[in-house]
Amino acid sequence: MPLQALGDAFAESRAGCPMTVRIAGVGGMGKSTIAHHFLDGVVQRGDALVLRGRAYEREVVPYKAVDGIIDALSRHLLALEESGDPLALPEDAWALARLFPVLRRVPSVAQLVNPKTVDLQGVRARAFTALRALLVSLVRRAPLVLFIDDVQWGDVDSAMLVADLVRPPDAPALLLVMTFRSGEEPPSSFLAELSQRWPEGAEAHEVLVGPLPIEEAEHL
């Protein structure tokens with residue numbers, strides 16, 4: 001049962017094991033509803049910080065599968081600073097802000113010195129490292145769940161970032177939940193890239209969602 005799989009994976013992440021759950025199914029089977037139902041419960045119980053995002057088919061932005069997650073992250077960091085309990089920033093946070101300018105709404109990030117380097121590959125590597133470090137710091141404060149809906153519309157750059165995020169060793173001990181439509185044509189560039197780059201040793205479970213039995217549908 002999808003909700004049971006999510007609950008088990010969340011428990012594993014809380015125990016210190018980074019976990020990924022990929023929820024697949026054809027359109028209209030309720031993948032997003034199941035995920036939001038689970039996450040709403042997590043939030044209502046105060047069990048974890050949940051950052052949610054979504055990829056859109058016709059949206060044209062860099063790293064579009066994770067753009068919403070970073071936007072939610074910026075809001076959380078801003079709230080921490082406004083409450084007088086800021087999160088310590090990693091050394092290369094300036095590089096992460098270059099990839100995702102929305103982070104500059106956070107005063108401590110806006111104050112960072114941005115080196116005038118044109119080494120774009122180096123900046124990306126530093127940004128990926130900074131994101132891992134930032135999420136590790138968040139996990140030390142409270143359990144963390146990242147949710148990306150409709151990742152089939154994501155891009156190759158997003159897949160590279162996600163693969164780096166879950167890469168052992170020392171990956172943030174969080175739960176990553178992604179939903180995607182199966183059997184789409186043409187094939188998803190995000191899913192193809194992520195499959196090719198998925199790190200050895202990174203824990204992942206795939207849940208296939210089909211039509212629910214009557215009793216489960218009524219419960220949901």
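This chain uses plain numbering: 1 for the first residue, then up along the sequence. It should be emphasised that the depicted structure is a prediction, and the values quoted were computed from it without experimental measurement.
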- Separation of D8 CG from L3 CG (nearest 0.5 Å): 11.0 Å

- Query: When you measure from the side chain of R98 to the backbone N and O of P115, does any donor-acceptor pair fall under 3.5 Å?
  - Reply: yes

- Answer yes or no: is there a side-chain heavy-atom contact under 4.5 Å between Q111 and L89? no

- Note on the structure: Between the OG1 atom in T20 and the CG atom in L175, the distance rounded to the nearest 0.5 Å is 7.5 Å

- If you look only at pairs with a residue in residues 49-58, which of them pass as a side-chain hydrogen bond (donor to acceptor under 3.5 Å, both in side chains), with sequence neighbours excluded? H36-R52, D40-R52, R54-D150

- How many angstroms lie between CD1 in I69 and CG in L176, if you round to the nearest 0.5 Å? 8.0 Å

- Within one Ile-Leu-Val-Met-Phe-Trp-Tyr cluster: F38 and L146, side-chain cutoff 4.5 Å: no

- Message: Quick check: do Y63 and I70 have side-chain heavy atoms less than 4.5 Å from each other?
- Response: no

- Task: Could you grab the distance from atom CZ of R124 to atom CG of L96, nearest 0.5 Å is fine?
- Result: 13.5 Å

- Message: Just so I know, are the side chains of F100 and L131 near enough to count as touching, which here means a heavy-atom distance under 4.5 Å?
- Response: no

- Query: Are any side-chain N or O atoms of Q152 and backbone N or O atoms of R181, one a donor and one an acceptor, separated by less than 3.5 Å?
  - Reply: yes

- Item | Side chains of L138 and L174 in contact at under 4.5 Å (non-hydrogen atoms) | no

- Query: What's the shortest heavy-atom distance between A202 and V166, and which atoms?
  - Reply: CB-O, 3.6 Å

- List the atom of A9, the atom of M19, and the distance in Å for their closest heavy-atom pair. O-CG, 3.5 Å

- Minimum heavy-atom distance between A55 and A65, given as atom pair plus value: CB-CA, 4.0 Å

- Item | Expected output: side-chain K31 to main-chain G25 donor-acceptor under 3.5 Å | yes

- Item | Polar side-chain atom of R132 near backbone of R167 as donor-acceptor pair, under 3.5 Å | yes

- Output for pair (E193 CD, M160 CE), nearest 0.5 Å, gives 6.5 Å

- When clusters are formed by joining ILVMFWY residues with side-chain heavy atoms under 4.5 Å apart, either directly or through shared neighbours, do V42 and L49 land in the same one? no

- Taking 4.0 angstrom as the limit, do R105 and D71 come out as a salt bridge? yes

- Message: So, taking the atom named CG in L144 and the one named OG in S137, what distance separates them when rounded to the nearest 0.5 Å?
- Response: 11.0 Å

- Message: Quick check: do R126 and W94 have side-chain heavy atoms less than 4.5 Å from each other?
- Response: yes

- Message: Can you confirm whether V151 sits close enough to V162 that some side-chain heavy atom of one is under 4.5 Å from a side-chain heavy atom of the other?
- Response: no

- Task: Determine, using the 4.5 Å side-chain heavy-atom cutoff (strictly less than), whether F190 and V177 are members of one ILVMFWY cluster.
- Result: no

- Message: Measuring only between side-chain heavy atoms, which start at C-beta, is S74 closer than 4.5 Å to L103?
- Response: yes

- Message: Determine whether a donor-acceptor pair (N or O, by modelled atom type, separation under 3.5 Å) exists between the side chain of T129 and the backbone of A125.
- Response: yes

- Item | Same cluster (ILVMFWY, side-chain, under 4.5 Å), V156 and F180 | yes

- Less than 4.0 Å between a side-chain N and a carboxylate O, is that true for K64 and D67? no

- Message: For V209 versus P2, what's the shortest heavy-atom pair and its separation?
- Response: CG2-CG, 4.1 Å

- Message: Quick one, F10 and V21 - any side-chain contact, counting heavy atoms below 4.5 Å?
- Response: no

- Item | Co-membership, hydrophobic cluster, residues L194 and V207, 4.5 Å side-chain | no

- With R141, which residues qualify under side chain to side chain donor-acceptor pair (under 3.5 Å), at least two apart? D85

